[in-house]
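The model shown is predicted, which means the values in this text are computed figures rather than measured ones. We're numbering straight along the sequence, starting at 1.
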Amino acid sequence: MRVGLGYDVHRLTEGRDLILGGVKIPYEKGLLGHSDADVLLHAIMDALLGAAALGDIGKHFPDTDERYKGISSIKLLEHVGKLLDENMFVINNIDATVIAQRPKIGPYRDQITVNIAKALKIDVNLVNVKATTEEGLGFTGNGEGISSQAIASISYAKDMSAAEPSCGGCGGCMNN
């Protein structure tokens, strides 16, 4: 089993849509960034890439590359899922937290979770998304930005297939 940690932060600004977990959330400001600036998906991608020792989103999707200008982070997450597949990794679970004073993401949580699971082609029960405020403290508490943290657990598929049966292998079941 491998574990990766991801973190991202973006400034809130006028004139941009607020996208979290691939969901457009009605709000007077959006996040500033080269892509759609989806801090939640960026943290999740970094957690997954880190667990697989495949670098980070800056390596795979540099903000100097015009191909990624304004791109949906769902598309980037799909690409990260393909990288994991190509490198024979299986996602065990993802746990992520959005840190923002406003807006509340509760009404959008189910759709966000579905979007993440669908992009990665995993069961929705392997994804957990939470939100918290910072009680008016710091840049997120002041409404200047939104941040997100994520942790992901993955396994190497070869390790899983080579595992010895826990029963000792008597030959009488499917564990052999």
Indicate yes or no: at least one non-hydrogen side-chain atom of [X] is less than 4.5 angstrom from one of [Y].
X: Ile146; Y: Leu31; result: yes
X: Asp95; Y: Lys130; result: yes
X: Phe139; Y: Val9; result: yes
X: Lys118; Y: Ile74; result: no
X: Ile44; Y: Val127; result: no
X: Tyr108; Y: Asn115; result: no

Indicate, with yes or no, if [Y] and [X] share a hydrophobic cluster defined by side-chain heavy-atom contacts under 4.5 Å among Ile, Leu, Val, Met, Phe, Trp and Tyr.
X: Ile112; Y: Val114; result: no
X: Leu120; Y: Met88; result: yes
X: Ile116; Y: Ile19; result: no
X: Val23; Y: Ile71; result: yes
X: Ile99; Y: Val129; result: no

Next item on the list: Assess whether side chain to side chain contact (heavy atoms under 4.5 Å, CB included) is satisfied between Leu76 and Ile57, documenting all intermediate values.
Entry: CA-CA 9 Å; Leu76 303 179; Ile57 61 173; over 6 Å; no

Roughly how far, to the nearest 0.5 Å, is [atom2] of [Y] from [atom1] of [X]?
X: Asp36; Y: Tyr68; atom1: CG; atom2: OH; answer: 14.0 Å
X: Gln101; Y: Thr132; atom1: CD; atom2: OG1; answer: 9.0 Å
X: Leu41; Y: Glu78; atom1: CG; atom2: CD; answer: 10.5 Å

Next item on the list: Go through the steps for Asn128 and Asn93 under the test side chain to side chain contact (heavy atoms under 4.5 Å, CB included), then give the verdict.
Entry: CA-CA 8 Å; Asn128 188 57; Asn93 76 305; over 6 Å; no

Locate the shortest heavy-atom distance separating [X] from [Y]; write the atom from each residue and the value.
X: Phe89; Y: Tyr156; result: CE2-CD1, 3.8 Å
X: Ile94; Y: Ala152; result: CG1-CB, 4.2 Å
X: Ser73; Y: His42; result: OG-NE2, 2.9 Å
X: Gly136; Y: Asn142; result: O-OD1, 3.4 Å
X: Leu84; Y: Ala52; result: CD2-CB, 3.6 Å
X: Leu18; Y: Pro103; result: CD2-CG, 3.5 Å

Sub-3.5 Å donor-acceptor pair from the side chain of [X] to the main-chain atoms of [Y], do we have one?
X: His10; Y: Gly30; value: no
X: Arg2; Y: Ile154; value: no
X: Ser35; Y: Ala37; value: yes

Checklist line | Exercise: do Asp8 and Ser148 side chains pair donor with acceptor under 3.5 Å | finding: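 On atom types as modelled, these side chains do not qualify, holding no pair under 3.5 Å.
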
Next item on the list: Would you please say whether a donor-acceptor pair under 3.5 Å links the side chains of Arg102 and Tyr27?
Entry: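 Yes - a donor-acceptor pair under 3.5 Å links their side chains.
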
Next item on the list: Evaluate side chain to side chain contact (heavy atoms under 4.5 Å, CB included) for Leu77 paired with Met45, printing each intermediate quantity in order.
Entry: CA-CA 6 Å; Leu77 183 62; Met45 287 186 278; 3.6 Å; yes

Around atom [atom1] of [X], are there more than 12 heavy atoms of other residues, nucleotides or ligands at under 6.0 Å?
X: Asp110; atom1: CG; answer: no
X: Lys104; atom1: NZ; answer: no
X: Glu14; atom1: CD; answer: no

Check: Taking only residues two or more places apart in sequence or in another chain, which ones pass salt bridge (charged side-chain N to carboxylate O under 4.0 Å, His left out) with Glu135?
Finding: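 For Glu135, no residue satisfies salt bridge (charged side-chain N to carboxylate O under 4.0 Å, His left out) once neighbours in sequence are set aside.
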
Note to self: List the residues meeting salt bridge (charged side-chain N to carboxylate O under 4.0 Å, His left out) with Arg11, not counting sequence neighbours, and say none if there are none.
What the structure shows: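 Salt bridge (charged side-chain N to carboxylate O under 4.0 Å, His left out) list for Arg11, sorted by chain: empty.
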
Checklist line | Audit row: Leu83, Leu49, side chain to side chain contact (heavy atoms under 4.5 Å, CB included) steps and yes/no | finding: CA-CA 9 Å; Leu83 285 172; Leu49 290 166; 4.2 Å; yes

Check: With Leu126, which residues qualify under side-chain contact (heavy atoms from CB on, under 4.5 Å), at least two apart?
Finding: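 Partners of Leu126 by the side-chain contact (heavy atoms from CB on, under 4.5 Å) criterion, ordered by chain and then number, come out as Ile122, Asp123.
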
